[in-house]
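Worksheet for the structure shown next.
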Number of protein chains: 2
Amino acid sequence: MKPRHPHRSEDCRAVSAVLQRVGDKWTVLVVSMLGDGPMRFNELRHAIGGISQKMLTTTLRNLERDGFVTRTVFPTIPPRVDYELTGLGRELLVPVTALGDWARANIDRINSARDRFDATAQP
Amino acid sequence: MKPRHPHRSEDCRAVSAVLQRVGDKWTVLVVSMLGDGPMRFNELRHAIGGISQKMLTTTLRNLERDGFVTRTVFPTIPPRVDYELTGLGRELLVPVTALGDWARANIDRINSARDRFDATAQP
DNA sequence: CCGTATCCGAGGTGATACTG
DNA sequence: CAGTATCACCTCGGATACGG
């Protein structure tokens with residue numbers, strides 16, 4: 001008998017929503033950086049490179065909102081803020097890393113498929 | 001000695017790019033639908049529900065370009081077009097499904113984290 | 001039935017400047 | 001150092017109409 005994939009609409013939407021959430025421009029980069037341990041704001045900024053201050057702030061706020069990172073403020077002068085993955089964040093890292101590994105392993109196949117397609121297409 | 005996570009910039013970007021690609025609004029839904037077997041255009045359209053014709057076309061073109069689906073045209077009247085996952089597409093489904101399962105399993109934790117955050121935030 | 005063309009609004013992204 | 005504020009762009013997504 002067939003496995004009977006459910007494809008319950010609600011579930012698929014939820015999955016899609018999380019994928020979109022994780023698929024935004026900087027989220028995975030930030031999360032994978034934090035996978036090595038807590039980091040400060042500018043530390044992250046430079047480690048990633050190319051991200052604007054605004055987008056790093058936004059990305060971190062959203063990650064904090066979703067319970068993936070904690071934000072710790074040290075009320076010193078100058079101020080210091082540490083970001084660290086929560087348990088949920090580290091769990092998220094597992095399937096994301098799996099997808100990342102797959103991506104690294106198959107990026108060439110994707111690129112050559114893309115080249116083939118573009119070569120066949122009419123300009 | 002430490003595992004020495006590489007975090008090579010190029011790799012991270014590539015991963016991020018694939019995540020963004022997969023994270024667009026309809027891609028995972030389409031791919032998971034096709035996971036059950038080949039489908040026609042309107043069959044997909046109705047199975048998904050809520051997707052516009054334009055976006056389904058666009059999504060399928062991009063998936064075809066990246067080598068995740070094949071497009072087969074039957075030159076009948078009225079025309080009939082089948083879409084089917086390629087080997088690469090079915091392989092992609094594996095880590096994506098893993099992430100999807102994680103999402104389903106943890107959606108409640110994310111939502112309650114969100115509620116907590118929003119309750120604490122100032123309006 | 002399947003796809004393209006066009007227009008439009010909404011939101012994501014970034015550059016810059018300013019504050020505690 | 002770690003943000004917020006503002007503005008301007010630009011892509012995405014949807015509605016609609018038309019074509020093969």
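All chains are named by letter (A, B, ...) in the order of the sequence lines, taking the proteins before the strands, and each is independently numbered beginning at 1.
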Inset, instruction - At under 4.0 Å between heavy atoms, which parts of nucleotides 7-20 of chain C does protein reach? Answer with one letter per nucleotide, 5' to 3': B base, S sugar-phosphate only, - none. - result: B-----BBB-B--B

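- Here the closest heavy-atom approach between residue Gly35(B) and residue Leu93(B) is recorded as CA-CD2, 3.7 Å.
- Arg61(A) has a side-chain polar atom (N or O) that falls below the 4.0 Å cut-off from OP1 or OP2 of dG3(D).
- Between Arg71(A) and dA2(D) there is no side-chain N or O to OP1 or OP2 distance below 4.0 Å.
- Under 4.0 angstrom from either OP1 or OP2 of dC2(C) there lies at least one side-chain N or O belonging to Arg40(B).
- Atom CG in Leu56(B) sits about 11 Å away from atom P in dT4(C), given to the nearest Å.
- Between the side chain of Asn42(A) and the main chain of Arg45(A), no donor-acceptor pair closer than 3.5 Å is present.
- At the phosphate of dG3(C), OP1 or OP2 sits under 4.0 Å from a side-chain N or O atom of Tyr83(B).
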Inset, instruction - Decide yes or no on side-chain contact (heavy atoms from CB on, under 4.5 Å) for Val18(B) and Ile107(A), but give the supporting numbers first. - result: CA-CA 8 Å; Val18(B) 173; Ile107(A) 186 70; 4.2 Å; yes

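- The distance from atom CZ of Arg45(A) to atom P of dA2(D) is 11 Å, rounded to the nearest whole Å.
- Judged as a salt bridge (charged side-chain N to carboxylate O under 4.0 Å, His left out), the pairs with a partner in residues 88-97 of chain A (not counting sequence neighbours) are, in order, Glu91(A)-Arg109(B).
- Atom CG in Asn62(B) sits roughly 15 Å away from atom C1' in dG3(C) (whole-Å rounding).
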Inset, instruction - For Trp102(B) and Val94(A), run side-chain contact (heavy atoms from CB on, under 4.5 Å): C-alpha distance rounded to whole Å, both residues' side-chain angles, the deciding distance at 0.1 Å, then the answer. - result: CA-CA 9 Å; Trp102(B) 186 91; Val94(A) 175; over 6 Å; no

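- If you measure from atom CG of Leu44(B) to atom P of dG3(C), you get 10 Å, rounded to the nearest angstrom.
- Taking atom CZ on Phe74(A) and atom P on dA2(D), their separation rounds to 11 Å, with Å as the unit.
- Neither OP1 nor OP2 of dA2(D) sits under 4.0 Å from any side-chain N or O of Arg80(A).
- Taking Ala47(A) as the reference, Met33(A), Met39(A) meet the side chain to side chain contact (heavy atoms under 4.5 Å, CB included) condition, with sequence neighbours excluded.
- Note on the helix from dC1(C)-dG20(D) to dG20(C)-dC1(D): terminal axis deviation equals 40°, with five pairs used at each end and the result rounded to 10°.
- When atom types are taken as modelled, the side chain of Ser32(A) and the backbone of Leu29(A) share a donor-acceptor pair closer than 3.5 angstrom.
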Which atom pairs, donor and acceptor, lie under 3.5 Å between side-chain atoms of residues 61-68 of chain B and protein residues at least two apart or in another chain?
unit_1	atom_1	unit_2	atom_2	d
Asn62(B)	ND2	Thr58(B)	O	3.3
Arg65(B)	NH1	Asp118(A)	OD1	2.7
Arg65(B)	NH1	Asp118(A)	OD2	2.4
Asp66(B)	OD1	Arg114(A)	NE	2.7
Asp66(B)	OD1	Arg114(A)	NH2	3.1
Asp66(B)	OD2	Arg114(A)	NH2	3.3
Asp66(B)	OD2	Arg21(B)	NE	2.7

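- With sequence neighbours excluded, no residue forms a salt bridge (charged side-chain N to carboxylate O under 4.0 Å, His left out) with Asp115(B).
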